[in-house]
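Encoded as structure tokens, the structure appears first; notes follow it.
Reckoned from all heavy atoms, side chains included, excluding hydrogens, waters and symmetry mates.
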Amino acid sequence: MELLVIGLCLSRNLGGPAMALSLRDGLRKRLPDTKLRFAVIPGRPEEKEWADRYGLDIAYRTSKWLDYAYYLPDSLLRLRGKLSPGSKITDETMANRRSLVREFHKAVASADMLLNMSGVAYVGDGVRSRWAGFSDHYCCSLARRFRKPYAAFIQSYGPFDDPWVARYARKEFSQVPFVPARGRKCAELCREIAPKGVAVEDYPDTAILLPSASDSWTRAYLQEKKLTPQGYVVISPSAIIRRTKRIRTGCMGDNHITYCRLLIKHFTDTGHQVLLLPHMYSSVPHECDRDVCNEIMESNDICNAEEEHVAIVDDDIDPMQAKALVSNAKFAVVSRYHALVAAVSTMTPVATLGWNLKYQDLLDYYSLGNCAIDARLMSPGMAVRETLSIWQWWQSASEERLLQWHDDQALCEARVNLGFDRLSDWIQLNAK
């Protein structure tokens with residue numbers, strides 16, 4: 001029985017492998033005979049490299065746009081002149097792209113069922129283009145075309161303010177066995193648009209079950225970076241917030257750099273070490289957190305004294321190693337969702353500066369909604385003051401509050417395991 005998983009990457013974004021490895025481990029306990037195959041983006045050799053490192057099987061996938069272009073006559077493609085900006089259509093280009101589509105279709109046809117784990121879909125609040133709804137529907141439409149059982153697993157949906165996005169979301173919700181919303185508020189939004197009778201269920205993120213790297217690796221890495229366990233603050237910036245072109249208010253865009261610089265200055269001035277932890281490594285500048293970290297360090301007002309107290313994770317680590325680095329921090333300020341997952345699941349005091357309701361939704365499972373800051377609403381100065389207020393709140397947190405965190409984590413783990421049980425039941429029901 002083969003399950004083709006679409007929507008995840010195994011390199012570049014640490015959230016992809018965090019969910020992939022959690023999925024593998026969760027199903028291995030319940031359905032050890034289920035074969036997982038991950039459909040990843042072609043043309044990125046690091047995908048194969050990391051797949052081999054994780055021991056995962058892969059296929060190369062295509063996009064909805066290229067899939068549709070596959071059925072167009074060559075003459076029409078040549079008339080258009082381009083399939084993507086700067087890409088000239090030659091016979092070789094068309095042959096390669098058509099070959100890619102054929103190979104992907106073979107992988108779909110050979111699979112017993114399709115599982116969508118893109119993580120975030122159908123966001124209609126202006127951060128993403130309304131065309132994203134059309135693109136997000138690709139996996140569902142592909143399953144329908146090849147008559148394969150289809151489900152999505154624990155994703156963040158909405159808001160559905162854009163009617164075009166809501167239309168495609170409603171269409172998908174009518175064709176899945178259940179809607180696994182990542183968070184309670186997310187589930188509420190899904191119930192508002194889901195067809196009558198569709199089961200909408202809320203779960204935390206699967207990666208709360210992901211283990212951390214070994215203590216020996218962590219100690220060696222911190223020593224290499226000259227960091228003291230429980231003596232440094234993690235700051236995890238976001239290329240999405242930095243590079244967004246649709247929203248330029250609050251701490252979005254250039255202001256995200258200002259916010260991070262002000263935080264670094266405060267923590268280094270008060271004698272703390274800072275670790276800049278990217279969660280997205282990429283050769284594409286607009287999606288690379290590491291480039292954002294370097295931009296922060298290259299700001300004109302940075303001084304040599306601060307540089308001595310600031311380290312950057314500038315090599316490609318895996319999500320278990322990133323989780324270990326977060327868990328050894330005394331405080332984490334994160335703008336990447338899976339950096340937040342790493343913090344709350346390891347009981348690391350945290351504040352999050354986010355762009356989507358998914359951050360608040362996760363914190364609400366732990367009764368930590370007061371630790372969420374909306375990057376779209378606060379100026380850098382206001383956001384820094386709010387972050388430091390959260391930091392002070394953590395420093396005065398009672399032992400009872402910390403004991404409650406243990407209980408909340410146990411409940412969240414049980415909830416995710418319930419989601420895996422639900423998914424396993426669906427797989428068994430559709431097994432040939």
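For the atom pair Cys251 SG and Met378 CE, the distance stands at 8.5 Å (nearest 0.5 Å). To the nearest 0.5 angstrom, Thr218 atom OG1 is 11.5 Å from Met320 atom CE. Here CZ of Arg415 is found 14.0 Å from CG of Asp205. Values are rounded to the nearest 0.5 Å. One distance of note links CG of Leu142 with NZ of Lys148; it measures 10.5 Å at 0.5 Å rounding. Note that CD1 of Ile240 and CG of Asn356 are 9.5 Å apart. Values are rounded to the nearest 0.5 Å.
Each of Val350, Val333, Leu277 was evaluated against Val234; a single residue qualifies, Leu277, per the side chain to side chain contact (heavy atoms under 4.5 Å, CB included) test.
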**Request:** Given side-chain contact (heavy atoms from CB on, under 4.5 Å), test His406 with Gln409 step by step and report yes or no.
**Result:** CA-CA 5 Å; His406 279 287; Gln409 176 63 12; 5.9 Å; no
**Prompt:** Where do Arg191 and Glu188 land on the salt bridge (Lys or Arg N to Asp or Glu O under 4.0 Å) test, with the steps shown first?
**Reply:** CA-CA 5 Å; Arg191 290 189 185 102; Glu188 290 177 14; over 6 Å; no
**Item:** salt bridge (Lys or Arg N to Asp or Glu O under 4.0 Å) between Asp202 and Lys185, intermediate numbers included
**Value:** CA-CA 9 Å; Asp202 71 274; Lys185 179 60 178 177; over 6 Å; no
**Request:** Check the pair Leu36 / Asp57 against side-chain contact (heavy atoms from CB on, under 4.5 Å), numbers first and verdict last.
**Result:** CA-CA 7 Å; Leu36 291 177; Asp57 187 26; over 6 Å; no
**Request:** Take Thr346 and Asn328 through the side-chain contact (heavy atoms from CB on, under 4.5 Å) test and state the conclusion after the steps.
**Result:** CA-CA 9 Å; Thr346 58; Asn328 275 268; over 6 Å; no
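Electrostatic pairing of Arg167 and Asp162 does not count as a salt bridge here, judged by no charged N lying under 4.0 Å from a carboxylate O. Ion pair Arg37/Asp112 not flagged as a salt bridge, since none of the NZ, NE, NH1 or NH2 atoms sits closer than 4.0 Å to an Asp/Glu carboxylate oxygen. Note on Arg336 versus Asp289: salt bridge recorded, some NZ/NE/NH1/NH2 to OD/OE distance being below 4.0 Å. Taking 4.0 Å as the cut-off between side-chain N and carboxylate O, Lys48 and Asp52 count as a salt-bridged pair. A salt bridge links Glu295 and Arg243; the closest N-O separation between the charged side-chain nitrogens and carboxylate oxygens is under 4.0 Å.
There is a side-chain donor-acceptor pair under 3.5 Å between Glu172 and Tyr150. Inspection of the Gln155 and Ser118 side chains reveals an N or O donor paired with an N or O acceptor under 3.5 Å. No hydrogens or angles considered: nothing links the side chains of Asn13 and His279 as a donor-acceptor pair under 3.5 Å. Using a 3.5 Å distance cut-off with no hydrogens or angles, the side chains of Asn417 and Glu413 do not pair a donor with an acceptor. In this structure, a donor-acceptor pair under 3.5 Å is present between the side chains of Lys323 and Ser345. Between the side chains of Asp408 and Tyr365, no donor N or O sits under 3.5 Å from an acceptor N or O. If you check the side chains of Glu46 and Tyr281, you find no donor sitting under 3.5 Å from an acceptor.
Not counting sequence neighbours, the partners of Arg144 by the side chain to side chain contact (heavy atoms under 4.5 Å, CB included) test are His137, Cys140, Ser141, Lys171, Gln175. For Asp421, the side chain to side chain contact (heavy atoms under 4.5 Å, CB included) partners are Arg30, not counting sequence neighbours.
Residues Ile296 and Arg242 are not in side-chain contact: their nearest non-hydrogen atoms beyond the backbone lie 4.5 Å or more apart. Proximity of Arg376 to Asp125: side-chain heavy atoms (C-beta onward) are separated by under 4.5 Å at one or more points. Side-chain contact between Met1 and Asp33 is absent, with no heavy-atom pair separated by less than 4.5 Å.
Ring orientation note: the planes of Tyr259 and His256 are close to parallel, at an angle under 30° on the 30°/60° scale. Using cut-offs of 30° and 60° on the angle between ring planes, the pair Phe104 and Tyr138 is tilted. Between Trp217 and Tyr221, the ring planes are parallel. Angles under 30° get that label, and only those over 60° would be called perpendicular. Using cut-offs of 30° and 60° on the angle between ring planes, the pair Tyr203 and Phe153 is tilted.
Counting only distance, with no hydrogens or angles, the side chain of Ser135 and the backbone of Ala132 share no donor-acceptor pair below 3.5 Å.
Judged by the 6.0 Å and 45° rule, Arg182 forms a cation-pi pair with Tyr337.
Tyr232 has its ring centre no less than 6.0 Å from the ring centre of Phe331.
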